[in-house]
Number of protein chains: 2
Amino acid sequence: MTTARAAAGNTATRGRRAGRRSGDQRELAILATAERLMTERPFAEISIDDLARGAGISRPAFYFYFPSKDAVLLTLLDRVTAEADAAAGDTLDRMADDPRSRWRDLIGRFHDTFRAHKAVVLACAQARGANAEVRELWAAVLERWVRCTQTAIEAERRRGAAPDGLPARDLAIALNSMNERVMHATLAGDGPAVAEPDVVDVLLDVWLSTIYRDTTPPAD
Amino acid sequence: MTTARAAAGNTATRGRRAGRRSGDQRELAILATAERLMTERPFAEISIDDLARGAGISRPAFYFYFPSKDAVLLTLLDRVTAEADAAAGDTLDRMADDPRSRWRDLIGRFHDTFRAHKAVVLACAQARGANAEVRELWAAVLERWVRCTQTAIEAERRRGAAPDGLPARDLAIALNSMNERVMHATLAGDGPAVAEPDVVDVLLDVWLSTIYRDTTPPAD
DNA sequence: ATCGCGTTTCGACAGGGTGTCGAGATTGTT
DNA sequence: AACAATCTCGACACCCTGTCGAAACGCGAT
């Protein structure tokens, strides 16, 4: 646990010194290979040997850079979480003017993050079941989106734009969970799914109905 | 594919004759062992050897009954789909009187199915990523719930109880996906989750807001 | 009783994946 | 040139899957 988490952390503070030669390139090559292969076939069907050969090294050499296959995924996921955090950024500050557009932004950014890292996200969804670290890291990402949503809902209620009702946190969890699952199904082409061009509109519709209820999303 | 699917089907029409002795008991023993072990540790960590020894046979003997570990899960899932079908049954027929209670029934039954087969459902969510058959069978279950929901929404719109809006199917997909993910998170105790006693109420709240919007769920 | 025939069981094997160890090659620094 | 950190890989032990063929079992027909 500690080992893998450390390896997945920012590359600067790993057990190694600064004076590196080919190492950084190799590490990047492994990550690039992983991301490429993940677009071709499910994560579970990619072996460490595939990753190593793709990066031009032997299987044992792989272990010099990552402690396991999951650690590679974790590193990739770390990048996504960073981007997701940046995307969520200041959306809620400007909620007061044109809430409908703000909410659309929030969902749209969620969606963009998913689409931009489709392969990583789908692989994580797979690995999440079997790997506790992936599960925790993913949970942390989702938790941030939930908190962001919750805060925005409470602000809307406070200024009288949205009616009171169930705890904002519960709604935030339900809505964000919906987004996760629906987008996943759409991107994976898995089972019943909303068509890609419509997905943001459909989700937004549910969000606005739930948050504002009979109140039509006010202009100010 | 054909092989595994056949083994997962109803036990009557398998390649074997009727005159069986200890076989049926052994098959049941394997299924029981699987369900028991799944409550103790993740499906991925259960080996065929565990299943075989749990049922009192050797590993090769296991293959006499099931072609793979996934086939066991598929058989278990078959049971759940049957129960889910029965549960969905006649809910929409009686929608006209007291819609709120009817919707609550629908969500409640979904919830009951999840809870009753918690281990199977969680294992399927795991296996779904790696196994196409599990994915398809699960998709079929969800598709039925979606269709059921869609039909009910359209009926409510037709009788003027619910306003028109986005395609009923898209809403049905979004709402059922939400239910799946939220209930999964709650049961798995995974990441941000709604507390178990509240989960049905929270989901119902989102459903009613989305389906009826400003219209308060009418009495008739 | 015993022969024959499906049913059931398992030892042994091949194949493929993981993770580790220790010896060696490489390269910047002194 | 020599040292040490960095990097690489052959070889090994281990676990798991799936298959094969031989053998044991149980029961009806002879």
Side-chain angles (χ1 to χ4, degrees), chain A residues 1-4 6-8 11-31 33-34 37 41-74 126-127 130-131 133, chain B residues 1-4 6-8 11-31 33-34 37 41-74 126-127 130-131 133:
Chain A
M1 176 181 160
T2 319
T3 320
T11 17
T13 27
R14 224 201 277 69
R16 284 171 266 158
R17 304 283 161 72
R20 303 190 52 199
R21 286 169 285 265
S22 55
D24 285 318
Q25 295 166 34
R26 288 272 136 92
E27 187 167 330
L28 259 358
I30 292 174
L31 291 170
T33 303
L37 290 183
R41 57 175 183 270
F43 185 66
E45 284 173 23
I46 300 172
S47 72
I48 289 181
D49 203 55
D50 295 331
L51 260 29
R53 291 192 182 283
I57 55 177
S58 72
R59 200 172 58 79
F62 168 91
Y63 288 97
F64 181 78
Y65 297 100
F66 295 95
S68 71
K69 195 176 65 164
D70 286 345
V72 176
L73 184 58
L74 228 39
Q126 269 186 43
N131 183 308
E133 293 175 300
Chain B
M1 175 183 162
T2 320
T3 320
T11 13
T13 28
R14 222 201 277 68
R16 284 172 266 156
R17 303 283 161 73
R20 302 194 48 200
R21 284 170 284 264
S22 54
D24 285 319
Q25 295 167 34
R26 287 272 136 92
E27 189 167 328
L28 260 359
I30 291 174
L31 291 170
T33 303
L37 290 182
R41 56 175 182 269
F43 185 65
E45 284 173 23
I46 299 173
S47 73
I48 290 182
D49 204 54
D50 294 332
L51 260 26
R53 291 193 182 284
I57 55 178
S58 72
R59 200 172 56 78
F62 167 92
Y63 287 98
F64 181 80
Y65 297 101
F66 295 95
S68 70
K69 194 177 66 166
D70 287 345
V72 176
L73 184 58
L74 229 37
Q126 270 187 40
N131 183 306
E133 293 176 302

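Reminder, nothing fancy here: chain letters follow the sequence lines and each chain counts from 1.
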Side chain to side chain, A:Gln126 and A:Leu73, heavy atoms closer than 4.5 Å: no

Heavy-atom side-chain proximity of B:Phe66 to B:Leu31 below 4.5 angstrom: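 Side chain of B:Phe66 against side chain of B:Leu31, heavy atoms only: contact under 4.5 Å found.
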
Value rounded to 0.5 Å, distance of CG in B:Leu74 from OG in B:Ser68: 8.0 Å

Rounded distance (nearest 0.5 Å) linking atom CD of B:Glu27 with atom OH of B:Tyr65: 8.0 Å

Nearest whole angstrom, please: distance from the [atom2] of [N] to the [atom1] of [X].
X: A:Phe64; N: C:dT26; atom1: CZ; atom2: C1'; answer: 12 Å
X: A:Glu27; N: D:dT6; atom1: CD; atom2: P; answer: 13 Å
X: B:Gln25; N: D:dC25; atom1: CD; atom2: C1'; answer: 15 Å
X: A:Phe62; N: C:dG19; atom1: CZ; atom2: P; answer: 8 Å
X: A:Phe66; N: D:dC7; atom1: CZ; atom2: P; answer: 13 Å
X: A:Ile57; N: D:dC9; atom1: CD1; atom2: P; answer: 7 Å

Side-chain N or O of A:Tyr65 closer than 4.0 Å to phosphate OP1/OP2 of D:dT8: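 Checking D:dT8 against A:Tyr65, a side-chain N or O does come within under 4.0 Å of OP1 or OP2.
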
Phosphate OP1/OP2 of C:dT7: any B:Arg26 side-chain N/O under 4.0 Å: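 Answer no for this pair, as no side-chain N or O of B:Arg26 is under 4.0 Å from OP1 or OP2.
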
B:Ser58: side-chain hydrogen bond (donor to acceptor under 3.5 Å, both in side chains) partners, not counting sequence neighbours: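 side-chain hydrogen bond (donor to acceptor under 3.5 Å, both in side chains) list for B:Ser58, sorted by chain: empty.
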
Set of residues satisfying side-chain hydrogen bond (donor to acceptor under 3.5 Å, both in side chains) with respect to B:Asn131, sequence neighbours excluded: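 Partners of B:Asn131 by the side-chain hydrogen bond (donor to acceptor under 3.5 Å, both in side chains) criterion, ordered by chain and then number, come out as B:Asp70.
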
Salt bridge (charged side-chain N to carboxylate O under 4.0 Å, His left out) pairs, two or more places apart, involving residues 51-62 of chain B: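 Every pair satisfying salt bridge (charged side-chain N to carboxylate O under 4.0 Å, His left out) with a residue in residues 51-62 of chain B: B:Asp49-B:Arg53.
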
DNA chain C-proximal residues of residues 41-56 of chain A, any heavy atom under 4.0 Å: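 Within this stretch, A:Ser47, A:Ile48 sit under 4.0 Å of the strand.
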
Any donor-acceptor N/O pair, A:Lys69 side chain to A:Leu51 backbone, under 3.5 Å: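 No; zero donor-acceptor contacts below 3.5 Å.
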
Any residue meeting side-chain contact (heavy atoms from CB on, under 4.5 Å) with B:Ala52, in chain and number order, not counting sequence neighbours: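 So B:Ala52 forms a side-chain contact (heavy atoms from CB on, under 4.5 Å) with B:Ile57, B:Phe62.
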
A:Ala61, nearest nucleotide to its side chain (from C:dT9, D:dT6, D:dC9): D:dC9

Protein-nucleic acid N or O pairs under 3.5 Å, nucleotides 11-16 of chain C:
none

